[in-house]
Every structure is written in C-alpha cells, then in structure tokens.
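Working notes, beginning with the structure itself.
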Amino acid sequence: MSHQHQTSTPEGSSDALEGRYAGDNEALIRMRHSAAHMMAEAVLAMFPDAKLGIGPPIDDGFYYDFLLPRTLTPDDLPEIESRMRESAAAAAPFIAEELPREEGLRRFSDQPFKVEIIESLADDTVSIFSHRGFTDLCQGPHAESTDRTGAFKLLRVAGAYWRGDERNPQLQRIYGALFETQEELDAHLQRIAEAERRDHRRLGRELDLFFFDPIAPASPFFLPKGATVYNLMVDFIRELYDAYGYREIITPQIFLSDLWKRSGHYDNYLESMYLTQSDDIEYGVKPMNCPGHCVVYLSQLHSYRALPLRYADFGRLHRNERSGVTHGLTRVRSFSQDDAHIFCRIDQIQEEFSSLIRMMREVYAAFGLNEPRYTLSLRPDQRVGSDETWDRAEQALRDALAGTDYEEIPNEGAFYGPKIDLFSRDALRREWQLSTFQLDFNLPERFGLEYVTEDNRRERPVMIHRAILGSLERFLGVLLEHNAGAFPLWLAPVQAVIIPIADRHVPYARRVETRLRASGLRCEIDDRNERMNAKIRDAQGQRVPYMLVVGDREEAADAVAVRRRENSENLGPMPTDDFITRAQEEIAQRG
RNA sequence: GCCAGCGUAGCUCAGGGGUAGAGCAGCGGUUUCGUAAACCGCAGGCCAUCGGUUCAAAUCCGAUCGCUGGCUCCA
C-alpha cells in the first residue's frame, strides 16, 4: 500500500521504456544495436561456447547478455573492445535475411536462449542479421556496416537474469556507451564524472551532513548540518499543511502483529518488516503509516461534514530492504516521509487530487525542481473494488490532471486503486520518482471505516495515500545531486560565514554574528588562524551562500563586505542591516 | 536475495609474503594577512572481522560483515 516506494529510476525502469529514446535519432539506435552485435561477435571469438542472450540499444549505449564458461572481470573489457574496433575497421556490411521459422530453429540450435525467443514468436519467419560471419537473431534495424557505428566505449560488466526473472539463470551483461561522435561520447563520460562529483554520499561527507556506519546498515546518521536541512524541509511542509488543511498526528512505532494481519501487510509484506517479540507477543515495527492512521480514524465517529479528513504524519518507518538494493540516502531501511492519508467521499476525489497537484507544484518550485512528468496508472487485472468504483475513480484522476501533460499506463495501478506518480529530472537529466498519490479502496474495507451521511446512514470513505517529497531521506539525496550541495539560502545549513581578516577583527565579527543570529540567520565565524583566502576557499567548498568579510574598513563603517557563493560574485561592502534585510527577503521568497 | 568488484589513518589514496607511507583534515607554534590553499612541527592505523596456509600474512586462501556497480524486488 504504499505508496512511496523509495526507488528511483535513474537508468530507466521497464515502464520507462517508452520514450527512453526521446531525443535519440533512428541512426543512433542503429549504431548502438550494431555495436551490440559486434560485441557479441568479439565475445564469441573469445569464448566459442558462449551462449547469447539479448543485446539491445539503450539510453546512452547498448548491452549484451552472455552465459560464459567463466566470469568476466573489468580486465576483459579492453580485449573485447579492441576486437570490436577490429570489426569496425573491417567495414563489413550488416546483411538482413528472412528465414522460415524451422530453419531459424536449426540455425540457432546451439544457442538455447535464441531458440527460446524463436519459440516465443508467433511469426512464420524469423529475421537475422549477419556481419563478418557473425549471425544474430534480430529484428534490426542496423547500421549499413561495422565502420558506421560512431564512438563507443565499454563501461562495465554486471549480472542480469535471463528475461529479467530471478528464477532464471543469471547471465553476464556488458554495458557500453555509444554516441555518434567522439565529442558526444566524451561529453557523456564527462557527465558520468560529474555525477560522481555530485554523488550525494560524497557530498554528505564533504558537507558534514550525514554518514553511514556498519553498526546500522543502510540507516543514515544525520549530523547537525544535515539535521538542520532535514528539519527545514519538514518545517516547510508543515507550513503548507496549514494552508492545505492537513492536521498532523503522531502514531506508535511498534504495533501488535494483529494490526498488520488486519491491514494485509502481514501476508504480503512480511519479508520487509522488522518483527520483535516481548512477553511472548509478536509486534511489527511500522513500515508504513496507513494502518495506524486507520486506527486513528476509527477512534472517533466521523460526520460527512468532517470529510475530507487529512492526517499527516512524519513518523519514522523501517523496512528491511533486501541487501543489495540499498543505496546511500535514496534507498534506506530507516526513514520518514511527508506522509499523509486523506479520507474522503468518492465525489471528493477529484478536488483532492487537484489540490495535491497544486501543492506539489508549490513544493517543487521552492526546491528548484523542474516540472515533473506525470503518469496515471490504471486498473490492473487483480484488483479490489467494483468496476463502477474504478470507473469513477479513474475519471476523477483524469479530471484532476486535465490541462497537464500526462501518460496513462494501463494495468500499472495498485490492486487497491489507481494512482498518479511524478517523475522529476535532476540537473544531470536523470529521472527520479518523488511524489506519489494513490487511491485506496482496500484499507477502508479491511478496517471497516465509515462516516455518517447527511441522511444518517453509514458509508465507506475512500483513502488517498500521498507523499510529495516522499522519503525525506531520499528527497534530500536527490536534491543534493540536483543542486550539487549548493542549497538555496532558505535551506542552507549555514547561510553566512563571517570572515575576520585578522585577529583584531574577531570582536567586531562576533558583534555581527550576534546581530545576524538575532535576525534569524544561521551563521558562523571562521576565526581560525588562516588567511582570508583560505577561509573563502573553504566556505566556497562548503557551499555557504554568503561570505561576509570584515576588516578595518567594515568595522569603521558598521558594514560587511558581501561575497556570494554563485560565480564568486563580490557585492562589496554594505551596512550590516542592509545585508540582513537583503538575506531575509531572499529567504522569504525561498530564493 | 543473485552476479561481480572493493575494504590500508577522520577523508582521498599509494604499497604488497620479512615488523606500514603520502596529501588533506586534526593538534601545537610562527605569521595578522583584503576575496578560492601562508610556514614549521606533532600526533594518528590490530591494514574490516574471524579462521587457514607459511619460519613469517596487511599482502595468499576461505568464511562472515560492510560498501560499490548491475540484476531482481519495492504490499
């Protein structure tokens, strides 16, 4: 039921297949696909017994999956790559051919995965492509010849299950990057390097925001600066809750397992839950807030007049994510969400979703995020609720999305209701799922939720699970990678560093500090025995928005010399009060 | 959970069967400086953990834990 899975899709998940080539032209796809064939040719030459999986073009390049007699190491890549270059130098043509299905089966009789693919095809014929004596089952299209395949570089080896199913054998996948020109390839490699520089795990350390310790795997420790940012995020959301009619509640951390049996999590989510025992009674640490919120709903009798009822909860959640799936802040085992559950009537669904979208836009703007991509996930085959309810619900969501560009995805909804997901691209063009708004017909049923109607009957409300930031941990991670650690002023853990030029300026610097703090600004004095240049360098490295240099001249004029983080811009001296006003205005507009 | 790689000082990394090295950070001192790194000195490590091979293991082997890149999962 919930809602916010923490997953991101930086590499594109299966449902991102559509549109993943957006911006890539047909020729480029041909090149990438052809390079995959050339890689298979090279690997087959090195390992004649290799069994071939599939080798498609993907965003930024291509891959091919192999079953090999031994595991590959990164050291194998140069040889494969140089064989590919030989193939390219040969300028051999790609030749397409149609074969009768039976002949195709014969042709690939020593390639079990290819046979499996042919068998799964309904067609009478199969198409193959050949170059330099290497033949692959393939729909094409391909480049004209092996030399027309742009600039490529093999990047890494990885494990991948045949047909993406973990019950199937695991193949070895080799990933390569490919672009039309060397310049574009270099730019891509540059982007990868930049992504490493912006890696939120690295920034977390460098900026003293958070760290991880094996004593609590996949669970972040927030240092004072990180906790400051975290709390500012929460404060901001709380302000919006006032404006959007939410009431915050606080619910228990650990519940009797009975709750999870009632909600259905015990049957379907157990492997991700932390269980604990006390006095022979089993408890579950909450992985989601929704069942607890149902308990809160049930604690009082609700009039139709009270709906929609919006309960917000920043409660800490724990999910025992499988080892191997955790990653920095973006997939953790302990986190909290800007979570809320809305209980409402069916005829209120559309207005609630419209309001959610408005709120979401306000939030994204404040954090400097781009307008997201919207998806509307519709009813799956396995579901609860009547068709009539689904009809009304799906239409309500469509209406809420009217005027926005969105994509409908059949069958992708949860069994308990349709949902709207939002995907945002960061500064490096990677896409992340942040907000999710999910309708739920199931939990109100399981918990027997009711409200009293105008004519004194009992009706069942529906429930909306919604999070805008999602996991606060993950949002912070994404935000860090988006802004490279340079938080906007309102979010910066340290908004200004006061830099005395010499020791004799420290007392004045302290007076300035006192005034700034009294004005609500978060500031520090750098009174280390260092030269001003070093202090500026460090403050820039810490992404502090303002550096206030104070020396003889400033002290005489009750001023500060203001330097901005952006572009090393030097605004020169200004009266201290002017700076305070300026900063407060910037904060007020969340600039 | 699966495949592969990695784990040496707080951080980034070098070394590699014969008693452990650098830069940055830290600490002490000198310097008191006008917009991106002053200088000198000191201290800091059971080389992840456990076990094995060996006269000798940080180094080779195995297991465990953690991390990384993928895959799968994300009621």
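Quick note on labels: first sequence line is chain A, next is B, and so on, each numbered from 1. Being a predicted model, the structure only gives us computed values, none of them experimental.
Straight-line distance from the CG atom of A:Asp59 to the P atom of B:G70: 14 Å, rounded to whole Å. Counting to the nearest Å, the C1' atom of B:C2 and the CH2 atom of A:Trp162 are 18 Å from each other. We find that CD1 of A:Ile174 is positioned 14 Å from C1' of B:G69, with the value rounded to whole Å. The distance between atom CD of A:Glu445 and atom P of B:A75, rounded to the nearest whole Å, is 21 Å. Between A:His327 atom NE2 and B:G66 atom P there is a gap of 17 Å when expressed in whole angstrom units. Here B:G69 presents its P atom at 13 Å from OH of A:Tyr175, a figure rounded to the nearest Å. Distance, A:Glu321 CD to B:G1 C1': 13 Å, rounded to whole Å. Going from atom CG of A:Leu77 over to atom C1' of B:G70 covers 13 Å, rounded to whole Å.
A:Trp260 is not listed as a side-chain neighbour of A:Tyr269, based on a closest heavy-atom distance of 4.5 Å or more. Residues A:Asn442 and A:Phe415 have side chains in contact (heavy-atom distance under 4.5 Å, counting atoms from C-beta outward).
When the side-chain nitrogen and oxygen atoms of A:Tyr63 are compared with OP1 and OP2 of B:G69, none of them lie within a distance under 4.0 Å.
Using a 4.0 Å cut-off between charged side-chain N and carboxylate O, A:Asp199 and A:Arg201 make a salt bridge. The pair A:Arg333-A:Glu473 does not meet the salt-bridge criterion, since no charged nitrogen lies less than 4.0 angstrom from a carboxylate oxygen. Using a 4.0 Å cut-off between a side-chain N of Lys or Arg and a carboxylate O of Asp or Glu, A:Arg197 and A:Glu194 qualify as a salt bridge.
Side-chain atoms of A:Gln170 and base atoms of B:C2 include a donor and an acceptor less than 3.5 Å apart. At a cut-off of 3.5 angstrom, the base of B:U72 holds no donor-acceptor pair with the side chain of A:Asp165.
Annotation: ring-ring contact (aromatic ring centres under 6.0 Å, His included) contacts involving residues 58-78 of chain A, sequence neighbours excluded, comprise A:Tyr63-A:Tyr175, A:Tyr64-A:Phe66. Residue pairs satisfying the side-chain hydrogen bond (donor to acceptor under 3.5 Å, both in side chains) criterion with at least one member in residues 203-212 of chain A, sequence neighbours excluded, are listed as follows: A:Arg202-A:Glu206.
Of the possible polar contacts, one joining the A:Thr576 side chain to the A:Asp558 backbone as a donor-acceptor pair under 3.5 Å is found.
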Give me the distances for all protein-to-nucleotides 9-14 of chain B N/O pairs that come in under 3.5 Å?
unit_1, atom_1, unit_2, atom_2, d
B:C11, O3', A:Arg205, NE, 3.4
B:U12, OP1, A:Arg205, NH2, 3.0

I'd like a list of close polar pairs between nucleotides 4-7 of chain B and the protein, N/O only, cut-off under 3.5 Å.
none

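Counting heavy atoms of neighbouring residues, nucleotides and ligands inside a 6.0 Å radius, atom CZ of A:Arg167 does not exceed 12 of them. Enclosure of atom NZ in A:Lys153 is not indicated, since only 12 or fewer non-hydrogen atoms of other residues, nucleotides or ligands lie within 6.0 angstrom.
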What side-chain donor-acceptor pairs closer than 3.5 Å can you find for residues 566-574 of chain A, not counting sequence neighbours?
unit_1, atom_1, unit_2, atom_2, d
A:Ser568, OG, A:Arg563, NH2, 3.1
A:Glu569, OE1, A:Arg564, NE, 3.3
A:Asn570, OD1, A:Gly572, N, 2.9

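Comparing atom distances between the A:Glu554 side chain and each of B:A75, B:G34, B:U30 picks out B:G34 as nearest. In this structure, the nucleotide among B:U72, B:G69, B:A75 sitting nearest to the side chain of A:Glu166 is B:U72. Nearest nucleotide to the A:Glu530 side chain, out of B:A38, B:A75, B:G34: B:A38.
If you check every strand for non-hydrogen atoms under 4.0 Å, A:Gly551 touches a base. Among the atoms of the strands shown, only primed sugar atoms or phosphate atoms (P, OP1, OP2) are found under 4.0 Å from some heavy atom of A:Arg201. Within 4.0 Å (heavy atoms only), A:Arg531 reaches at least one base atom of the nucleic acid. Residue A:Gln542 is classed as having no contact, given no heavy-atom separation below 4.0 Å to the nucleic acid. Contact annotation for A:Ala216: no contact, since no heavy-atom pair falls under 4.0 Å across all strands.
Within residues 563-572 of chain A, the residues having any heavy atom closer than 4.0 Å to RNA chain B are, in order of number, A:Arg563, A:Ser568, A:Asn570.
In this structure, a donor-acceptor pair under 3.5 Å is present between the side chains of A:Arg582 and A:Tyr546. Counted by atom type alone, A:Arg316 and A:Ser334 present one or more donor-acceptor pairs between their side chains at under 3.5 Å.
Each of A:Leu171 and A:Ala561 has a nearest nucleotide on RNA chain B; the 5'-most of these lies closest to A:Leu171. Comparing A:Arg173 and A:Arg537 by the nucleotide of RNA chain B whose heavy atom lies nearest to each, the residue mapping closer to the 5' end is A:Arg537.
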